[in-house]
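The next block holds one structure in the form of structure tokens; read it before the comments.
Counting starts at 1 for both ligands and their atoms, in listed order. As the structure is a computational prediction, the values presented were derived from the model and not from experiment.
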Amino acid sequence: MAEVKKIAVIAGDGIGPEVVAEAEKVMKRVEEVFGYAFETEHARFGGIAIDEDGTPLPEETLRICKSADAVLLGAVGGPKWDSNPKELRPETGLLAIRKELGLFSNLRPAVVFDCLKDASTLKPEVLEGTDLMVVRELTGGIYFGEKFRREGQHGQEAVDTCVYNETEVERIVRQAFEVAGKRRKKLASVDKANVLETSRLWREVVNRIAPEYPEIEVEHVLVDNCAMQLLRRPASFDVIVTENMFGDILSDEAAMLTGSIGMLSSASLGEGSFGLYEPVHGSAPDIAGQQLANPIATILSLALMFRMTFGYSDAADAIEKAVAEVLDAGHRTSDIAVDKSTAIETSAMGDLIVSAIAKA
Ligand SMILES: NC(=O)c1ccc[n+]([C@@H]2O[C@H](COP(=O)([O-])OP(=O)(O)OC[C@H]3O[C@@H](n4cnc5c(N)ncnc54)[C@H](O)[C@@H]3O)[C@@H](O)[C@H]2O)c1
Ligand SMILES: CC(C)[C@H](C(=O)O)[C@@H](O)C(=O)O
Ligand SMILES: [Mg+2]
């Protein structure tokens, strides 16, 4: 009997519960096919927790996450809470959970499935061979710097500060070198060193560490240029390492290489094997509750959990293969369907993937 792995499951808001439900079906199927055992504990987080507990990140939720081996998260947020004070914003809870759990490294793979090239706005020949990984710093930078308002000469002033220390930069940069070493050995460090002091420090740290990884080819790319090159030569990128806000923006851009943000999975990691796994997308209030959401990003996030936290590569490979097979067979949710009239619902996509999961 396999050791029981504890997974904290946080559905969240909007399409969160819809996509997480499909990932939970996949979890059950993996238990049946591979004999692994998972114990899940559900927790409230985000907008729903604000409504029921008066805070986006209840103590109980944090306790459940800390006592688990890994966390599966859907998405949080929505217009209902958009004008709340910042302590009562779902997004504030998201930043708090990342910080509390020490998840400084966010891996966001963007892989273009051959059969989905028609779902992208880029030409198929530009997309050919695109398989990149954004390594985003997740617990520092402008997201976590001091923020305040003050009265200025021209009315209210708002201040956001961006701070990075060498230790924070070094640990994420080392992670990225390690990731690149297991891939195609190319690292693009993305910054704005022509303007920002934090970026100058970032670049110095990358240059100091690079000689320790002589097998990795390093390029420095300014973030504005990177945004452009991602559309011009996406296949030339292997690993992109960058600070918190640039990584947020570039990963949503990279999503469109794959056809939809509904395809992009992520792993948030710290020093140990513990991780939080969530799709890159948000709660998509515009399509919530209609079974229109693509569950693949969440299902692929679960595959990342199996591979990275539990070392269950057989199950992770089987999930990824099942997703590829279902897409190859022509099944599409609306976001990736060229002919929208043929699109299938969230749960139908989940069911098809579940049925396709098999031992190699
Ligand atoms: N990690 C998170 O929980 C997270 C991430 C991003 C945004 N958010 C929050 O989500 C809310 C909505 O944000 P937004 O609209 O800017 O971004 P979003 O990612 O929720 O949606 C952007 C667009 O992509 C579509 N989309 C997103 N996921 C999809 C899926 N799985 N299948 C099909 N289409 C999908 C949406 O319908 C929408 O048109 C905000 O409150 C935001 O703060 C949360
Ligand atoms: C909702 C928001 C706080 C979050 C972020 O910016 O990190 C989201 O955009 C993401 O990419 O996970
Ligand atoms: Mg984002």
Side-chain angles (χ1 to χ4, degrees), residues 10-23 45-50 56-57 71-84 86 88-99 103-108 110 116 119 134-144 147 160 242-256 258-268 276-301 323 332-337 340 343-350 353:
I10 298 176
D13 311 314
I15 61 168
E18 292 169 74
V19 292
V20 164
E22 301 314 311
F45 179 59
I48 186 174
I50 293 170
L57 176 55
V71 182
L72 178 70
L73 172 64
V76 295
K80 182 174 178 194
W81 306 281
D82 277 352
S83 48
N84 280 8
K86 68 173 186 293
L88 292 178
R89 289 288 310 256
E91 292 80 358
T92 304
L94 196 58
L95 301 198
I97 202 170
R98 289 170 179 170
K99 193 77 165 183
L103 305 170
F104 62 84
S105 164
N106 185 212
L107 310 187
R108 298 183 157 189
L116 283 189
V134 176
V135 178
R136 170 189 179 193
E137 201 291 324
L138 201 60
T139 53
I142 200 161
Y143 277 54
F144 290 90
K147 306 172 192 305
D160 287 292
T242 191
E243 60 103 79
N244 204 342
M245 187 160 72
F246 297 162
D248 179 45
I249 298 167
L250 293 178
S251 54
D252 267 35
E253 186 186 357
M256 282 323 293
T258 72
S260 167
I261 187 109
M263 297 296 299
L264 230 65
S265 59
S266 89
S268 301
L276 180 150
Y277 297 83
E278 60 170 331
V280 167
H281 63 72
S283 59
D286 54 336
I287 57 166
Q290 301 169 56
Q291 282 287 308
L292 287 173
N294 184 346
I296 293 179
T298 313
I299 291 170
L300 290 177
S301 300
V323 169
R332 306 277 186 271
T333 42
S334 160
D335 57 320
I336 48 175
K340 306 284 178 209
I344 59 171
E345 295 198 328
T346 310
S347 62
M349 179 57 93
I353 294 168

Problem set entry | Asp248, any N or O under 3.5 Å of ligand 2 N or O | yes
Problem set entry | Contact partition for Ile15 relative to ligand 1, non-hydrogen atoms under 4.0 Å | side chain
Exercise. Will you find, in the side chains of Tyr143 and Asp160, an N or O donor that is under 3.5 Å from an N or O acceptor?
Worked result: no
Exercise. Can Gln291 and Ser347 be counted as having a side-chain donor-acceptor contact under 3.5 angstrom?
Worked result: yes
Just to be sure I'm reading this right: ignoring hydrogens, which of [options] gets closest to [atom]? Compare them by their nearest heavy atoms.
atom	options	answer
atom 10 (C) of ligand 2	Glu278, Arg108, His281	Arg108
atom 43 (O) of ligand 1	Lys80, Glu18, Glu91	Glu91
atom 27 (C) of ligand 1	Ile261, Asp248, Val76	Ile261
atom 15 (O) of ligand 1	Pro285, Ser283, Gly282, Ala297	Pro285

Provide, to 0.1 Å, the distance between [atom] and the closest protein heavy atom, together with that atom's residue and name.
atom	answer
atom 36 (C) of ligand 1	Asp286 OD1, 3.4 Å
atom 30 (C) of ligand 1	Asn294 N, 3.6 Å
atom 2 (C) of ligand 1	Leu94 CD2, 3.6 Å
atom 34 (N) of ligand 1	Ile287 CD1, 3.6 Å

Exercise. Is any N, O or S atom of Asp252 under 2.8 Å away from the Mg ion (ligand 3)?
Worked result: no
Problem set entry | atom 22 (C) of ligand 1 protein-contacted (non-hydrogen atom, under 4.0 angstrom) | no
Exercise. From atom 19 (O) of ligand 1, is the closest protein heavy-atom distance below 4.0 Å?
Worked result: yes
Exercise. Does ligand 1 have any atom sitting under 4.0 Å from a heavy atom of Val280?
Worked result: yes
Problem set entry | Non-hydrogen atom of Val19 closer than 4.0 Å to ligand 1 | no
For this session: Test Lys80 against Asp13 for salt bridge (Lys or Arg N to Asp or Glu O under 4.0 Å), laying out the working first.
Result: CA-CA 10 Å; Lys80 182 174 178 194; Asp13 311 314; over 6 Å; no
For this session: For residues Thr139 and Phe104, report the shortest heavy-atom separation together with the two atoms involved.
Result: OG1-CB, 3.4 Å
For this session: Mark up the atoms of ligand 1 that fall under 4.0 Å of a heavy atom belonging to Gly262, in ascending order.
Result: 30 (C), 31 (N)
For this session: Test the Arg98-Phe45 pair against the cation-pi criterion, namely NZ or CZ under 6.0 angstrom from the six-membered ring centroid and within 45° of the ring axis.
Result: no
N or O pair under 3.5 Å between [X] and ligand 1:
X	result
Ala75	no
Glu278	yes
Gly74	no

